[in-house]
Engineer: 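Below is one structure. I have some questions about it.
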Amino acid sequence: MRIAVLLPCYNEEQTIGQVIDEFREELPDADIYVYDNNSKDRTSEVARKHGAIVKKEMRQGKGHVVRSMFRDIEADYYVMADGDRTYPARFVHQLLDPLKKGEANIVIGDRLSNGTYVEENKRQFHNFGNNLVRGLINFLYKSDLRDIMTGYRAFDRLFVKSMPVMSPGFEIETEMTIHTLDKRFSIKEIPIEYKDRPEGSESKLNTFSDGFKVLNKIFTLFKEYKPMLFFSFWSIVLLVLGLASGIPVIVEYFNTGFISKVPSAILAVGLVILAVLSFACGLILDTVASNFKKQFEWELNKIKQDTKEL
């Protein structure tokens, strides 16, 4: 049984050696991969000294790294964590156990349920952003996930080889979660402890720019995965605006037999036409999305058959 530990890294010289040693202690037979994403320090050198398989990813961004990892590495089970030592390696067995038992395709290390993330993480906007993203995704998919953006995850081969990674950067965690829910993969959360970065280790995240990217990714995937709901929402908005601007025109016509508010009449007609077009787009794209899901299921069956043959 092949287990691969995936550690995407950017300037983690201070902590990567300890992370590798801790995972090696927990999983002595696993292959530990460090993907160096253009680090300016000695991350690659330290990783090699500690026995990791080091590879380079020249395109900047965590999403690019994850795409290369998923595409290049062959294993039965995959564990992904950060190289900053914020996720304790001792929880790895709890993450792998549901995969080995066939209870899940992806297992998430939940930082939020036991409160350690809020206690350790001093950036309040990060806590707000986690809650906002979690609320949006749970609302859209009627799910009850507690930690959407954790970087500590375990996957089976079926998920990894069928995951179309499109995000270039930090929003990859959100994309993986939405893909899991939309494609009905089995998902399980395991409470873990979280430790903030040690002193001297700097976070690569920008609260506002990365937060905007995550929200934009949710918006984009909502449009792609649930087009009927997305375009119906805008259709209703446009229809309401059209009626609001058109009702006074209609009332005036019935009272006087004339229309003096010509601009309002033109605006109302235009908004109603846009509402109808938006609804029609939703119907068409919903059919396209439905056919894509069927195609995806066929591809899953093929990947599963190939996995069995391996």
Engineer: Taking atom CZ of Phe279 as the centre, does the number of heavy atoms from other residues, nucleotides or ligands within less than 6.0 Å exceed 12?
Structural biologist: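 No, the 6.0 Å shell around CZ holds no more than 12 heavy atoms from other groups.
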Engineer: Rounded to the nearest 0.5 Å, what's the gap from CG on Asn38 to SG on Cys9? Could you check?
Structural biologist: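 That separation rounds to 12.5 Å.
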Engineer: For the residue pair Phe155 and Phe70, is the inter-centroid distance of their aromatic rings smaller than 6.0 Å?
Structural biologist: yes
Engineer: Cut-off 3.5 Å, side chains only: do Glu13 and Thr43 have a donor facing an acceptor?
Structural biologist: no
Engineer: Looking at Phe258, is its backbone amide N or carbonyl O close enough to the side chain of Thr256 to form a donor-acceptor pair, meaning the two atoms are under 3.5 Å apart?
Structural biologist: yes
Engineer: Only one of Arg153, Arg146, Arg134 clears salt bridge (Lys or Arg N to Asp or Glu O under 4.0 Å) with Asp110; which?
Structural biologist: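 Running salt bridge (Lys or Arg N to Asp or Glu O under 4.0 Å) over Arg153, Arg146, Arg134 with Asp110 returns exactly one hit, Arg146.
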Engineer: Step by step, work out the side-chain contact (heavy atoms from CB on, under 4.5 Å) result for Asp72 and Tyr35.
Structural biologist: CA-CA 11 Å; Asp72 298 342; Tyr35 271 63; 3.6 Å; yes
Engineer: Among Lys142, Lys226, Lys293, find the residue that satisfies the salt bridge (Lys or Arg N to Asp or Glu O under 4.0 Å) test when tested with Asp182.
Structural biologist: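 With Asp182 as partner, Lys142, Lys226, Lys293 yield a single salt bridge (Lys or Arg N to Asp or Glu O under 4.0 Å), made by Lys293.
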Engineer: State whether the number of non-hydrogen atoms from other residues, nucleotides or ligands found under 6.0 Å of Lys294 atom NZ is greater than 12.
Structural biologist: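 No, not enclosed.
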Engineer: Can Lys183 be said to sit on top of Phe296's aromatic six-ring, NZ or CZ under 6.0 Å from centre and within 45° of the ring axis?
Structural biologist: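 Output yes; distance and angle both within limits.
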Engineer: Any side-chain to backbone donor/acceptor pair from Glu175 onto Met166? Under 3.5 Å, distance only.
Structural biologist: yes
Engineer: Give a yes or no on whether a salt bridge exists between Asp76 and Arg157, defined as a side-chain N under 4.0 angstrom from a carboxylate O.
Structural biologist: no
Engineer: Donor-acceptor pair, Ser232 side chain versus Met228 backbone, under 3.5 Å?
Structural biologist: yes
Engineer: Side-chain donor-acceptor pair under 3.5 Å between Asn37 and Glu57, yes or no?
Structural biologist: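 Result is no, nothing qualifies.
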Engineer: With a 3.5 Å distance limit and no angle check, can you tell me whether Ser278 reaches the backbone of Trp234 through a side-chain donor-acceptor pair?
Structural biologist: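 No; judged by distance alone, with no hydrogens or angles, the pair does not exist.
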Engineer: Are any side-chain N or O atoms of Glu189 and backbone N or O atoms of Asp147, one a donor and one an acceptor, separated by less than 3.5 Å?
Structural biologist: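 Yes; at least one donor-acceptor contact below 3.5 Å.
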Engineer: With no hydrogens and no angle check, do the side chains of Ser260 and Glu252 hold a donor and an acceptor under 3.5 Å apart?
Structural biologist: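 Present: a donor and an acceptor within the cut-off.
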Engineer: Could you please spell out the steps behind the side-chain contact (heavy atoms from CB on, under 4.5 Å) verdict for Thr174 and Ile137?
Structural biologist: CA-CA 9 Å; Thr174 304; Ile137 293 178; 3.8 Å; yes
Engineer: With distance as the sole test, does Ser39 use its side chain to make a donor-acceptor pair with the main-chain N or O of Asp36 at under 3.5 Å?
Structural biologist: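 The answer is no, because no donor-acceptor pair under 3.5 Å joins these two groups.
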Engineer: With the threshold set at 4.0 Å, does a side-chain nitrogen-carboxylate oxygen contact exist between Arg42 and Glu12?
Structural biologist: no
Engineer: For the pair Asp29 and Arg2, find out whether any cationic side-chain nitrogen is under 4.0 Å from an anionic carboxylate oxygen.
Structural biologist: no
Engineer: Taking everything shown except Glu25 itself, do over 12 heavy atoms lie less than 6.0 Å from its CD?
Structural biologist: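 No, CD of Glu25 has 12 or fewer neighbouring heavy atoms, counting only those of other groups under 6.0 Å.
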Engineer: Compare all side-chain heavy atoms of Met163 with those of His179 and state whether any distance is below 4.5 angstrom.
Structural biologist: yes
Engineer: Drop me the distance from Asp31's CG to Leu6's CG, to the nearest 0.5 angstrom.
Structural biologist: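 That separation rounds to 10.0 Å.
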Engineer: Any non-hydrogen side-chain atom of Ile53 less than 4.5 Å from a side-chain atom of Val34?
Structural biologist: no
Engineer: Is a side-chain N or O of Asn138 found less than 3.5 angstrom from the main chain of Leu145, in a donor-acceptor match?
Structural biologist: yes
Engineer: Heavy-atom distance under 4.5 Å between the side chains of Val79 and Tyr152, does that happen here?
Structural biologist: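 Yes, close enough: below the 4.5 Å cut-off.
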Engineer: Which distance, rounded to the nearest 0.5 Å, do you find between the CZ of Arg111 and the OH of Tyr87?
Structural biologist: 4.5 Å
Engineer: Under 6.0 Å between the ring centres of Phe222 and Phe230?
Structural biologist: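 That pair passes the under 6.0 Å test.
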Engineer: Before accepting this row, confirm whether a basic side-chain N of the pair Arg90/Glu193 lies closer than 4.0 Å to the acidic partner's carboxylate O.
Structural biologist: yes
Engineer: Please walk me through it: do Asn291 and Gln295 pass side-chain contact (heavy atoms from CB on, under 4.5 Å)?
Structural biologist: CA-CA 6 Å; Asn291 288 333; Gln295 182 66 37; over 6 Å; no
Engineer: How close do Met69 and Pro8 get, counting heavy atoms only, and between which atoms?
Structural biologist: CE-N, 3.4 Å
Engineer: Could Arg24 and Glu22 be called an ion pair, given the rule that one side-chain N must be under 4.0 Å from one carboxylate O?
Structural biologist: no
Engineer: Look at Lys188 together with Glu103 and state whether they make a salt bridge at an N to O cut-off of under 4.0 Å.
Structural biologist: yes
Engineer: Report yes if some heavy atom in the side chain of Val240 is under 4.5 Å from a heavy atom in the side chain of Leu243; otherwise report no.
Structural biologist: no
Engineer: State, with a plain yes or no, whether a side-chain heavy atom of Arg85 is found less than 4.5 Å away from one of Gln14.
Structural biologist: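 Arg85 vs Gln14: side chains apart.
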Engineer: Of the non-hydrogen atoms in Tyr77 and Lys100, which two are nearest, and what is the gap between them?
Structural biologist: OH-CA, 3.6 Å
Engineer: Heavy atoms, side chains only, cut-off 4.5 Å: are Lys56 and Ser44 in contact?
Structural biologist: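 When only atoms from C-beta onward are counted, Ser44 and Lys56 do touch, with a gap below 4.5 Å.
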Engineer: Starting from the C-alpha separation in whole Å, work towards a yes-or-no answer on side-chain contact (heavy atoms from CB on, under 4.5 Å) for Ile218 and Ile178.
Structural biologist: CA-CA 8 Å; Ile218 294 174; Ile178 293 178; 4.3 Å; yes
Engineer: Which pair of heavy atoms, one from Ala268 and one from Gly242, lies closest together, and at what distance?
Structural biologist: CB-O, 3.5 Å
Engineer: For the backbone of Pro227 and the side chain of Asp286, can you confirm whether one donor and one acceptor N or O come within less than 3.5 Å of each other?
Structural biologist: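 A pair under 3.5 Å: no.
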Engineer: Treating Tyr78 as the side-chain partner and Ile73 as the backbone partner, does any N or O pair qualify as donor plus acceptor under 3.5 Å?
Structural biologist: yes
Engineer: Please tell me if the side chains of Val19 and Leu7 come closer than 4.5 Å, counting only heavy atoms from C-beta onward.
Structural biologist: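 Contact flag for Val19/Leu7 side chains = yes.
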Engineer: What heavy-atom pair brings Ala75 and Ile3 nearest, and what distance separates the two atoms?
Structural biologist: CB-C, 4.5 Å
Engineer: Roughly how far, to the nearest 0.5 Å, is the CG atom of Asn11 from the CG atom of Asp84?
Structural biologist: 12.0 Å
Engineer: Would you compute the distance between atom CH2 of Trp298 and atom NZ of Lys302 and round it to the nearest 0.5 angstrom?
Structural biologist: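 Rounded to the nearest 0.5 Å, the CH2-NZ separation comes out at 14.5 Å.
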Engineer: Is the shortest side-chain heavy-atom distance between Leu136 and Leu215 below 4.5 Å?
Structural biologist: yes
Engineer: In terms of side-chain heavy atoms, does Lys55 have a donor or acceptor partner in Ser68 at a distance below 3.5 Å?
Structural biologist: no
Engineer: Would you call Lys62-Glu173 a salt bridge at under 4.0 Å N-O?
Structural biologist: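 Salt bridge: yes.
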Engineer: Do you know which two heavy atoms are closest between Ala81 and Phe23, and how far apart they sit?
Structural biologist: CB-CZ, 3.9 Å
Engineer: Can you tell me if Ser167 uses its side chain to pair, donor with acceptor, with the backbone of Gly169 under 3.5 Å?
Structural biologist: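 Not at all, since once roles are kept as given, no pair shorter than 3.5 Å links the two residues.
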